[in-house]
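First the structure, in the form of structure tokens, and then the observations on it.
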Amino acid sequence: MSNTTLILLGAGSSSRFKMKMKKQWLYTGEIPLWLHVAEHFEKNANFDQIIIVSTKDEIRLMKNFASYTYIEGGESRQASLTNALQKVTSEYVLVSDIARCCVPSDMIQRIMESKEKGACIVPVLPVTDTLYLDDRPIDRDKVKIIQTPQLSVTKMLKKALETETIFTDDSSAIASLGEKVHFVEGSVDAHKLTTIEDLKKLSCIQAPSTKTLTGFGIDIHPFENNKEMFLCGVKIDVDYGFKAHSDGDVAIHALIDALLGAAGMGDIGELYPDTDESYAGADSKVLLQDTVKKITSFGYTIGNVDLTIMAEAPKLLPYKEEMRTTLASILGIRKNFVNIKATTAEKLGFIGRKEGVTVHAVANLTYLNWKNI
Ligand SMILES: Nc1ccn([C@@H]2O[C@H](COP(=O)(O)OP(=O)(O)OP(=O)(O)O)[C@@H](O)[C@H]2O)c(=O)n1
Ligand SMILES: C[C@](O)(CO)[C@H](O)COP(=O)(O)O
């Protein structure tokens, strides 16, 4: 028993990163950044428990990668930390930002070995440039740059955060109680990933794998009279549509499943349950937009998609070009990467009897190559 819990904070929105992808989900080789950080800490110290703090959507996906304890974050770093601390029963807690993704092994050792030296053990860097406060130079030897991870006595940190005051790190919270903060040497390598430019300073992360991930989706809907019909987001000029909880766009539903399949994100029913009244009559284009947003924020980029619509009726040839253009625009790819095929079932089965339609879809994803940004 190490009597230490590791909390990795990753519930931020990456707003300063200014990419469609969240920085936590940038891929290094075949693993996302958050997992790279967790595995690195796990290799370098013993923990009773490892807690990853993230958002609800991300936690769903994270659980497919590794069995850590996952906790939903809050509005601020401090709120996220407070949520995670509720699950901590060990004497010590090591808290780090996932954004600080290249913390050297010797820095982790230095912090862990200093456990007894204060209520909070903090890695620091000296300032090497001249410093001014407003229009006056100040003594730079009295100034420190504070990094993470920080090791705290759990009960002190919990107590320090029982306040409305917002602290930018754990050490400032503990210092506010008058408790001893002990400084150890940090490292320039433990630079925090905040903007795209920071990527150049982080040598521990490699280019993402060039692997292609393939997903397959299938959906079936029966016809229903006196409804509007939509396929691939295009209104089809017939006086019947599909029986469904949403607008019944069976093609978009199959495509969403193919995209989710390639990303390892489950299926359409998990993301947009048909028991949820907010999706009653939903425009499937909006669901596809949301799926694309999620896939992109999790570090993937869409390569191509291919759909086969099996329908005895209606005739779809006149709509194929508009279907291609509509899907390409939502997927954010050129229309030559969107293929639509239509086929009959040669009058066989429920499709042949004109009772409904089946759509098969395939999608390919790759990891977004952030090295080319
Ligand atoms: N509500 C929040 C906000 C931040 N963090 C985490 O705290 C760390 C430091 O935050 P920062 O680098 O500022 O990340 P973001 O908040 O994502 O970035 P930005 O401010 O640019 O949106 C990050 O690992 C971030 O994921 C968190 O867990 N919960
Ligand atoms: C905790 C921290 O990384 C210490 O340097 C820093 O304060 C986080 O600041 P942010 O504004 O939440 O990125």
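By convention here, the first residue in the shown sequence is residue 1. Counting starts at 1 for both ligands and their atoms, in listed order.
Looking only at distances, a side-chain donor or acceptor of S90 sits under 3.5 Å from a matching main-chain atom of T5.
Among all protein heavy atoms, the one lying closest to atom 19 (P) of ligand 1 is S15 OG, 3.4 Å. If you check which protein heavy atom lies closest to atom 17 (O) of ligand 1, you get S14 N, 2.8 Å. Atom 11 (O) of ligand 2 has R16 NH2, 3.6 Å as its closest protein atom, hydrogens excluded (heavy atom only). Closest to atom 28 (O) of ligand 1, if we only count protein heavy atoms, is A11 N, 3.0 Å. Nearest protein heavy-atom neighbour of atom 25 (C) of ligand 1: G12 N, 3.7 Å. Closest to atom 13 (O) of ligand 1 among all protein heavy atoms lies R16 NH2, 2.6 Å. Scanning the protein for heavy atoms near atom 7 (O) of ligand 1, the closest one is R77 CG, 3.6 Å. The protein heavy-atom contact nearest to atom 23 (C) of ligand 1 is L9 O, 3.7 Å.
The aromatic rings of F216 and H360 sit perpendicular to each other, their planes meeting at more than 60°, with 30° as the lower class boundary.
Contacts between Q150 and ligand 2 below 4.0 angstrom, taking non-hydrogen atoms only, are absent altogether. Using a 4.0 Å cut-off between heavy atoms, V53 makes no contact with ligand 1 at all. With a heavy-atom cut-off of 4.0 Å, D97 touches ligand 2 through its side chain alone. The part of S76 lying near ligand 1 is the backbone, judged by heavy-atom distances below 4.0 Å. Only the side chain of K192 comes within contact range of ligand 1, with a heavy atom under 4.0 Å; no backbone atom does.
The pair K293-D57 does not count as a salt bridge, with every side-chain nitrogen at least 4.0 angstrom from each carboxylate oxygen. The pair D129-R140 does not count as a salt bridge, with every side-chain nitrogen at least 4.0 angstrom from each carboxylate oxygen.
The shortest heavy-atom distance from K23 to ligand 1 is under 4.0 Å. Taking 4.0 Å as the cut-off, G74 counts as a neighbour of ligand 1 on heavy-atom distance. Using a non-hydrogen distance threshold of 4.0 Å, I98 registers as a contact of ligand 1.
Those atoms of ligand 2 that come under 4.0 Å of a heavy atom in T168, given as number and element, are 1 (C), 6 (C), 7 (O). For ligand 2, the atoms lying closer than 4.0 Å to a non-hydrogen atom of T148 are 1 (C), 3 (O). Taking every non-hydrogen atom of I146 and a distance limit under 4.0 Å, the qualifying atoms of ligand 2 come out as 4 (C), 5 (O). Numbered from 1 in the order shown, with element, the atoms of ligand 2 that lie under 4.0 Å from a heavy atom of D169 read 1 (C). Near E75, meaning under 4.0 Å from any of its heavy atoms, are these atoms of ligand 1: 1 (N).
One hydrophobic cluster, built from ILVMFWY side chains closer than 4.5 Å, cannot hold both V95 and L177; they sit in different ones. At a threshold of 4.5 Å between side-chain heavy atoms, the hydrophobic network of Ile, Leu, Val, Met, Phe, Trp and Tyr places V37 and F65 in one connected group. In the hydrophobic clustering of ILVMFWY residues, with side-chain heavy atoms under 4.5 Å counting as a link, M229 and I351 come out apart.
For the 3.5 Å distance criterion, the side chains of Y68 and E42 qualify, holding a donor opposite an acceptor. T4 and K115 share a donor-acceptor pair across their side chains, judged by distance under 3.5 Å alone.
With F242 as the aromatic partner, K227 does not meet the cation-pi criteria of under 6.0 angstrom to the ring centre and within 45 degrees of the ring axis.
Residues Y300 and W25 keep their aromatic ring centres 6.0 Å or farther apart. A distance of 6.0 Å or more separates the ring centres of Y279 and H245.
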Side chain to side chain donor-acceptor pair (under 3.5 Å) evaluation trace for N364 with T212 = CA-CA 6 Å; N364 286 311; T212 299; over 6 Å; no
Residue pair C204, C101: steps toward the disulfide bond (SG atoms under 2.5 Å apart) verdict | CA-CA 8 Å; C204 80; C101 51; 5.1 Å; no
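Heavy-atom proximity to atom 27 (C) of ligand 1, evaluated over A79, S80, S96, is greatest for S80. Across R77, Q78, K192, R100, heavy-atom proximity to atom 10 (P) of ligand 2 is greatest for K192.
In this structure, atom 10 (O) of ligand 1 has no protein heavy-atom contact shorter than 4.0 Å.
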